[in-house]
Every structure is written in structure tokens, then in C-alpha cells.
Asks: 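Below is one structure. I have some questions about it.
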Amino acid sequence: MKKLEASALALLTLTATSVIAEDITYKPETVTSRFREEVAPLGARAGAFRLYPSISLSEKYNDNIFATNNNEKSDFITEIKPALNIESLWGRHFLSLHADATIGRYADNENEDFEDYTAGFDGNIEISHAQNLSGGYQFSHEHEQRFSPDDVLGDAPTELDANALYANYKHQFNRVSVEVGGEYQALDYDDVRSTTGFIIDNDDRDRDRRELSIKLGYDYLPEYTAYVRTTINKVDYDDAVDGNGFNRDSDGYSLSIGTDLDLSGVLYGNIFIGYETQEYDDAALNDVDGLTGGASLTWLPSRMTTITGSITRSIEETTLDSASGIFSTEANLIVDHELLRNLLLQARLSVTDDDFEGLNRNDDYFSTGIGATYMLNRHFYLLLDYDHLQRNSDSVTNLNDFSEDIFSLGGRIQL
Amino acid sequence: MKKRMLHRLVLLLVISASSLHVAATESTSAAPQYRLGAGDKIKVIVFGHNDLSGQFQLDGNGRISLPLIKEIQASQLTVIELETAITSRLAPDYLIDPKVSIEVLNYRPFYIIGEVKNPGQYSYVSGMTVLTAVALAGGYTYRAKNNKALITHAQHLLKNKQVAQQDTEILPGDVIEIPEKYWLF
């Protein structure tokens, strides 16, 4: 459940899953992907582009804003989120631009106020019917969640800037396809003031990561693509050693095999298995390696209900004490139901196991939630959510355990 | 002479019986309880009197206008009841023992609304059921409740909705409503 460098990592996984699911041509619409004629926003036409501006306003209640084991502090948070999405209307290629900001204001704990913002683009060029080039860039300024193991417990949440760039090239030769991809990500952490007044230097967390991936696919049946994928990565920290004296630079690689599957459109997805390792330059940091794998499945028991489940494994960065890295295993289950054409319900469940390598610590996260989206008309949506998050850490003290409940009510105005 | 008269009488009886029989089977090809309504087109045959026979369409008030007997209320009557009504008006003032047979040429359309792809009015054909009506209307939408339909029969004065299954027969002038499904059923 590592939602630290959320946008940057989300971009990574987004490209990873889109690369895996790319070869499936026909998919019946899911509850969330269905185009709703009467309530879908139409945006505004500007030449060869369509603009979708929106502004969301929500009020949240969090009963444990610092994610502590005891002396929980609760508060109300008002969030305003203006956003703009621009999409091209070209026949062949595609370009989308997006920018948004989230301004959060706490009722009682002003130090927790935050202003996150992000901007970027994604594009796709169809060089020919067999060749495809896609890429994108995103910049974001965000704040770290208080329950992150790397949170330095400053008097305000740690803020960071993230830059992420990716490019992907795919060439299809009849049944065989070759895909080459590259990703670059840079993170820059701001210093934060401690509760006692002195400055905590976070620059030892600044780093960049480069990854190259090659994927070979074979369409053994229509709708079924089997593939072999290998990646190599390099993580470079700006500082030679971190605050605890460790050189956190590392190199890693992975090898996996997988296949897409489609059972008459009612059940489809992909599944892969492989091996992943991350080797740290510092001899004092243990290498993290092990079995990697994942599965992502979508099941449509009816046209009005969609159930998506996924399980993934990945190696995450940490600067916590002597831990070299975290082998994270996450499982998700989401049920979307269309109660009315303009009322969508969602129930979600997530379980994460974080195994700290080099540290005697294993965290288990469990979260569950429900939500409703009521689309009054094209221009106004009402959003209601409830989420429960808890962590059970097996460390000697129970200080790392916490339980958090968040209620949220909001609305979105859009063109 | 007596033999010839007897022979003619038998022939007359056979012909009228067969014509009545034909009329009867054609009128019962729709559900037996179908009652005529405004817009139906019927063919009235008075045996031996071509000038009293013809094709007639029920007007907005459900009446038809026949030669000699002028307006006669036809709506809310079954075909057999209308035959009896016309017969009683023709006899004894105009004809002695008239033989009237009626055939429905064209039924009123039926209407289908709710969770179908193309709601609207469609021509009625004998023996139609809810399922064939839905098929005419383009089929169910993804939100339709397949196992249930609500029918408002045209002839019921109370006009309340009745629950029906896919194989329930429908009648001309009926309004069929396919309800929406909210969960898995």
C-alpha cells in the first residue's frame, strides 16, 4: 500500500498495465467505461481538440489524520480541485493534456494544509498499421501520506516534486510483436520543519530511476497473446549516502512471462509470473529479490455489474533505517454496480503485505470502502465515499499500527 | 318440388353454416376475448346482399356506419357480439333471417415502452406475445427485466397494469411496458 510518490508510480504502473492489456481488441463496456449519453460531459470544442474543464469540491472527515496508534486526532478537510483535460479529435494519432490542482484545508490542523498540482501529456502516434509509438510526460507536486513509513514526523507533511517521462515503441509482425519501452522518473523532496523547530533535511531521499523494458509477444490465438518481458533499471540517489549513512543507489532487473486471456468477453484479463531483483551498491544493504507476478481480471456477471480483481508484486524504495527495499504484494477487488443509469455504486477491498528487507518488519494493510456517484446531469455529479484503512505492523511495539476512517461528500461541476 | 325445396334448404344451411364457421375461425384467430376498438378495420358480409356488405373502419368513437341501419356501436364488442348486433338491427325491419359474418382485416397497432431499444407503436399480427413484441421493438436493453412485463389492455375500462410473462399473448391496442432491472434480477 505504498502511495508515496503516488502520481509518478501510478504513471509507471499505468504504462505497465496498458502495455500488457494492449493486444486485446474487443472488450465489452464495463460499468465505469460505459458512455452515458444523457449525463456524459460534452466539453467544449476548440479546433481539433475537445476541452473538459471541471471543478470539484468535497468535505472529508478523517478520524485519525496522523495515522497514530493512540491519541487519534480527527479533523474536517475541505478539498477544492480544479482540473482541465484536453483531448485531440484527430483520426489517426492521439494526444491528451491534463492539469489539475488539489487544495486541501484542514479545519483545526492548519499545518496539514496542502496544495498538490500536476500537469502533463500522453500521446500516441500510429506510424503504420503495424507500428505504434506512445509516450508522455508528467510533472507533479504532491505531499506524502502521514502513514508512510518514510514520513519524518515533521510538523507538516513532506512535500515532493516528481517528474516522469516514458516512451514505448511497438512493432507487429503478423503474430509476433516486439515492444521496447523506456521510463525516467525523478523525485525531489522538500525539507520539512520538525515539531520542535529544527529543519529535517529530506534531500537524502532525492533520486532518479531509469528503466528499459523489452517485450516479445506472440498471438497464439485471436485474443490470446503470450509474452516474455524483461526490464532493467537503475536507481540513482543524489546524495552519496543518506541520513543513516547508506548508499542507496541500486540496479535491478526482472524477467517474466505472461499471457492475456479473454473468455468470451465475460471474463478477461492478463496474468504473469517471473523473477525480480534489486541489488544495492552499499554492501550493508541486502539485495531484494524474489518471485514476482501478477494477475488482473475483469468479470462481467451482468452488463450492470463489473468485478475487477488484481494482484501485483513490486520492489519499492525506502529510506527507513537499514531497510534496503520493500517487497510489496497488493491484492485489490472492486465491484462496480450500475443501480440506475445515472447512479453508480462501488465496493472496494484491498490487502497489502509489505516485507521490509534488511529490517525485521512486515506491514499488513487492509482497506475497505464504498462509494456512490450520482450524476444529476451533464454538469453536476454528486460523490459520496467511505473508506476504512488499517495497518498491522509486526514490529515489537504496536506504534506502527493504526486505523483510519474517512467519510467524504463532494460534488463536481463540469462542462 | 318438395325434394327440390328440401335440397335448396339443405344447401342454404350448409353454405350459411360454412360461412359462419369460416367467419368464426377467423375471428377467433386473435385471442377469443378480443374486443374491437377505434381504428380496427373490418369486413362485413351479409349473405346475398352485396349492397349491405363492405369494408368498414371503426371511427374515433368506435362506431361503424352501415347501409340501412346507419351507425352502430362496434367498440368493446367481440366479433361474434357485433355479428349478433348487426343481425338484430337488420331483422325484422329490413331482412328476414340475415346471415352476417365479420372478418377483421387490420388490427389497431399495439404500443411498447420502457426498456426496449425502439419503443413506439407497431402493427399487430395474430398470435403475438410479449416476446415477439419486444423482438419487433429491437430487443431488450441491457437494463431490462426479462421475465416480467406490464400490460395495460385497451379494452379494460379501469386501465390498470397487469403483470405478464414473456409468453403472454397480447391484443391490439395494448400498451406493454418493460420494467427496469436494478440488481442482478
Side-chain angles (χ1 to χ4, degrees), chain A residues 24-40 262-268 297-309 333-349 368-378 381-384 386, chain B residues 109-125 128-154 158-170 173-185:
Chain A
I24 296 182
T25 48
Y26 167 70
K27 278 292 151 286
E29 49 189 16
T30 60
V31 166
T32 43
S33 74
R34 179 169 289 133
F35 177 72
R36 294 163 199 289
E37 260 188 78
E38 300 96 2
V39 289
D262 185 342
L263 296 167
S264 66
V266 172
L267 178 67
Y268 61 85
L297 290 169
T298 302
W299 175 36
L300 285 84
S302 82
R303 300 281 294 281
M304 285 158 56
T305 311
T306 307
I307 299 176
T308 37
L333 185 71
I334 299 177
V335 179
D336 286 301
H337 181 75
E338 183 186 302
L339 187 65
L340 299 172
R341 280 191 165 81
N342 65 342
L343 178 59
L344 307 180
L345 303 177
Q346 185 181 90
R348 40 193 182 251
L349 188 70
T368 180
I370 50 171
T373 304
Y374 183 43
M375 298 171 262
L376 269 86
N377 57 48
R378 270 189 221 292
Y381 287 8
L382 206 61
L383 307 150
L384 197 66
Y386 163 70
Chain B
F110 69 92
Y111 306 89
I112 182 160
I113 58 170
E115 294 292 330
V116 284
K117 295 220 172 92
N118 302 307
Q121 95 177 10
Y122 292 90
S123 305
Y124 177 86
V125 168
M128 232 170 206
T129 60
V130 167
L131 190 58
T132 54
V134 168
L136 267 181
Y140 290 109
T141 63
Y142 71 93
R143 289 193 63 95
K145 210 169 198 154
N146 292 21
N147 54 1
K148 189 173 147 178
L150 298 166
I151 302 183
T152 306
H153 291 297
L158 283 172
K159 292 210 190 300
N160 58 335
K161 294 180 188 174
Q162 290 184 358
V163 179
Q165 262 62 52
Q166 280 186 343
D167 57 358
T168 305
E169 275 196 25
I170 58 169
D174 281 353
V175 179
I176 305 157
E177 187 183 334
I178 305 296
E180 198 179 359
K181 176 171 70 172
Y182 298 105
W183 298 103
L184 281 174
F185 39 85

Asks: Apply side-chain contact (heavy atoms from CB on, under 4.5 Å) to A372(A) and list each qualifying residue two or more places apart in sequence or on a separate chain.
Replies: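 Listed in chain order: L345(A), L384(A).
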Asks: Does any backbone or side-chain atom of L340(A) lie under 4.5 Å from a heavy atom of chain B? Answer side chain, backbone, both or neither.
Replies: both
Asks: Compile the donor-acceptor pairs, distance criterion under 3.5 Å only, formed between chain B and chain A.
Replies:
unit_1  : atom_1 : unit_2  : atom_2 : d
E115(B) : OE1    : R341(A) : NH1    : 3.4
E115(B) : OE1    : R341(A) : NH2    : 3.0
E115(B) : OE2    : R341(A) : NH1    : 2.9
Y142(B) : OH     : E338(A) : OE1    : 3.3
Y142(B) : OH     : E338(A) : OE2    : 2.7
R143(B) : NH1    : E338(A) : O      : 3.0
R143(B) : NH1    : E338(A) : OE2    : 2.8
R143(B) : NH2    : L339(A) : O      : 2.4
Y182(B) : O      : H337(A) : NE2    : 2.6

Asks: For K161(B), give me all partners under side-chain hydrogen bond (donor to acceptor under 3.5 Å, both in side chains), at least two apart in sequence or on another chain.
Replies: E177(B)
Asks: State which residues pass side-chain contact (heavy atoms from CB on, under 4.5 Å) with A137(B); sequence neighbours excluded, sorted by chain then number.
Replies: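 Counting only residues at least two positions away or on another chain, A137(B) forms a side-chain contact (heavy atoms from CB on, under 4.5 Å) with I112(B), V116(B), Y122(B).
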